[in-house]
Amino acid sequence: MALGIKTTFKNIEEIDVNQETPLSFFISNGAITKSGNVIRSYMKELKLTGIKTINEEEFREALLVLKQYRENHIPNLKVFSSLLESKLNRLQIFEQSIVSSRSKRLESIANKLVRQPTMRLAQMDDVVGIRVTLPNIEALNQFLDNNSNCEIINADCVFDDFHTTNYILEPKSDGYRGIHQIFKCKTDGNNYVRLELQIRTKIQHEWATVVEILGSLKHVSFKSGQGDENYLHFLLLSSVLFSMEEGTPIVAIYAELTPSEVCARLNKLDKELQIIEMLRGINSIPSLKKNIEAKYYLIQLDLHTRETVILPYNDERDANEDYVRLEQTYQGSDMFDVVLVSVDDVNNIKEAYPNYFLDSNDFISRYTELLTKYS
């Protein structure tokens, strides 16, 4: 669902805090919950006729609170990233890993509130998120098992009651695999913000990337279960094949299949859909000059021109303000996408976010290699 008022994000700019306002300031849970409820109600009412209970002014004010609430996560995200990198260095796997983080788009947050009507905004786990991509399943298990002297768990700024969901031991029904951990990062007193850490292997990252790329090309959210059933089936079977290669559990409905049977089904589907051929034929053109080091990067993908524009920033406020401005420009469009990210090395941007470059080369290489191996 797109935000239906073209001035929505522009109006946020007009009401914006002044330059003397600190990036992060306290917002009560009551104010956060109220803004989430207003946004949810307003977006639901966009499709209805008759009397509206939420007017535009209330909606703009709620979005402004949401914007500031998202920005309030950034200091904790920076501290958490540093703790994560310290752990990876201690385990001697930092050089083989990729650490990246992103802020969820305002429109995506609003749509999630509509999809999950009982969720309070302050309970949303992924307003900001950080991801570590590890080279293989052995490194992932090493990372997960090391808790006794873990820099993250033992940090004073992080509550120790974190929650883990293991989608590797129990893959989602659509084939998604990875580890999600939800941490509570202290702000002041007993207040905290939630932060999601995603942990996945390179193989799992390749699969998740192609789900995003196919979704962009077909203008549908395959990761939400939408779209052509044949494409969804192809993605599920390719996940099964990748699980077999890693020696991890596969989706239950295919537990009895052999690798060769999975390959046969994939070959049949791809002959009909020509997915691999289509993926081979696309790639965006990046516009970033090489080795521009910065704290943050705005990545913009234009599906019309197949161009990826990357804007580097060292100032948090400038990055967040331009992010909101671009969100306003691209809202409701399925031909543009934008995200604000941070990476440990500028040269890892494309590897961390290949879907914003329409780059599925690693998936294609892995897929064809495993078809040859198991057929």
Side-chain angles (χ1 to χ4, degrees), residues 1-13 15 24 26-74 76-77 101-130 163 165 172 174 176 180 182-185 187 191-198 212 215 220-226 320 323-324 326-334 337-340:
M1 182 188 300
L3 298 182
I5 296 181
K6 292 186 179 299
T7 58
T8 297
F9 294 116
K10 182 177 179 182
N11 286 331
I12 290 178
E13 298 295 319
I15 309 170
S24 177
F26 177 73
I27 306 174
S28 70
N29 281 336
I32 296 165
T33 297
K34 180 181 176 182
S35 69
N37 291 339
V38 168
I39 292 167
R40 178 188 290 118
S41 297
Y42 187 90
M43 293 190 68
K44 285 182 177 179
E45 290 175 358
L46 286 177
K47 290 190 172 183
L48 303 176
T49 57
I51 299 174
K52 305 293 184 183
T53 62
I54 308 295
N55 61 44
E56 283 192 38
E57 184 62 27
E58 289 178 284
F59 183 53
R60 287 197 299 269
E61 290 176 0
L63 281 173
L64 182 58
V65 172
L66 172 55
K67 171 181 176 288
Q68 186 59 54
Y69 177 58
R70 182 179 67 179
E71 290 181 10
N72 281 358
H73 287 69
I74 301 301
N76 297 89
L77 186 62
S101 60
R102 65 99 182 97
S103 295
K104 197 177 188 73
R105 289 181 60 179
L106 297 180
E107 188 169 341
S108 298
I109 294 171
N111 286 335
K112 186 169 184 176
L113 288 170
V114 174
R115 290 196 309 271
Q116 301 186 29
T118 62
M119 174 186 285
R120 292 187 290 112
L121 177 56
Q123 293 177 316
M124 191 175 292
D125 298 326
D126 58 347
V127 172
V128 298
I130 186 166
H163 175 73
T165 304
K172 287 188 176 183
D174 62 0
Y176 176 83
H180 289 199
I182 307 302
F183 291 88
K184 296 175 182 177
C185 299
T187 53
N191 296 309
Y192 60 86
V193 293
R194 287 181 170 86
L195 186 148
E196 179 184 67
L197 171 63
Q198 291 185 7
E212 296 272 9
V220 68
S221 179
F222 286 121
K223 69 178 184 179
S224 298
Q226 302 169 11
N320 278 286
Y323 188 25
V324 172
L326 288 168
E327 287 178 302
Q328 183 269 325
T329 301
Y330 294 155
Q331 63 166 314
S333 173
D334 59 6
D337 204 355
V338 59
V339 67
L340 177 63

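- In this structure S108 satisfies the side-chain hydrogen bond (donor to acceptor under 3.5 Å, both in side chains) test with no other residue, sequence neighbours excluded.
- Distance check: I182 CD1 to Q198 CD gives 8.5 Å after rounding to the nearest 0.5 Å.
- With sequence neighbours excluded, the residues forming a side-chain hydrogen bond (donor to acceptor under 3.5 Å, both in side chains) with N191 are D188, listed by chain and number.
- Taking all atoms of both residues into account, the shortest heavy-atom contact from I32 to A122 is CG2-N, 3.7 Å.
- In this structure, the side-chain contact (heavy atoms from CB on, under 4.5 Å) partners of S28, at least two apart in sequence or on a different chain, are F26, A31.
- Annotation: K34, atom NZ; neighbour count of heavy atoms from other residues, nucleotides and ligands within 6.0 Å does not exceed 12.
- Two residues are said to be in side-chain contact when any heavy atoms from C-beta on lie closer than 4.5 Å; K67 and V324 meet this criterion.
- Atom CZ of R105 and atom CD1 of I109 lie 10.5 Å apart (nearest 0.5 Å).
- Under the rule for a salt bridge (Lys or Arg N to Asp or Glu O under 4.0 Å), the partners of K104 that lie at least two apart in sequence or sit in another chain are D126.
- Considering only residues two or more places apart in sequence or on other chains, E212 meets the side-chain hydrogen bond (donor to acceptor under 3.5 Å, both in side chains) condition with K223.
- In this structure, T187 and Y192 approach most closely via the heavy-atom pair OG1-N, 3.6 Å.
- In this structure, T118 and Q123 approach most closely via the heavy-atom pair O-OE1, 4.3 Å.
- The line from OH of Y330 to CG of D337 is 9.5 Å long, rounded to the nearest 0.5 Å.
- Considering only residues two or more places apart in sequence or on other chains, N37 meets the side-chain hydrogen bond (donor to acceptor under 3.5 Å, both in side chains) condition with R40.
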Practice task
Determine, step by step, whether E196 and F183 satisfy the side chain to side chain contact (heavy atoms under 4.5 Å, CB included) criterion, reporting the C-alpha distance in whole Å, the side-chain angles of both residues, the deciding distance to 0.1 Å, and the verdict.
Solution key: CA-CA 6 Å; E196 179 184 67; F183 291 88; over 6 Å; no

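- Here the closest heavy-atom approach between residue S35 and residue L121 is recorded as OG-CD2, 3.6 Å.
- No side-chain heavy atom of V193 sits less than 4.5 Å from a side-chain heavy atom of K184.
- The NZ atom of K172 sits 9.0 Å away from the OG1 atom of T165 when rounded to the nearest 0.5 Å.
- Nearest heavy-atom pair, L77 versus G129, reported as atom, atom and distance to 0.1 Å: CD1-O, 4.1 Å.
- Scanning for salt bridge (Lys or Arg N to Asp or Glu O under 4.0 Å) contacts around D125 gives R194, with sequence neighbours left out.
- Residues satisfying the side-chain contact (heavy atoms from CB on, under 4.5 Å) test with V339, not counting sequence neighbours, are R102, I299, Y323, V341, Y356.
- E107 CD to L63 CG: the interatomic distance, rounded to the nearest 0.5 Å, is 10.5 Å.
- The side-chain contact (heavy atoms from CB on, under 4.5 Å) check on E58 picks up V38, I54, N55, with sequence neighbours excluded.
- Contact annotation: the side chain of I74 approaches that of S103 to within less than 4.5 Å [non-hydrogen atoms, C-beta and beyond].
- Between G36 and L113 the shortest heavy-atom distance is O-CD1, 3.8 Å.
- For Y176, the ring-ring contact (aromatic ring centres under 6.0 Å, His included) test picks out Y167, H180, with sequence neighbours left out.
- To the nearest 0.5 Å, atom CG of residue L66 and atom CE of residue M124 are 8.0 Å apart.
- Take R70 and apply the salt bridge (Lys or Arg N to Asp or Glu O under 4.0 Å) test, not counting sequence neighbours, and it matches E327.
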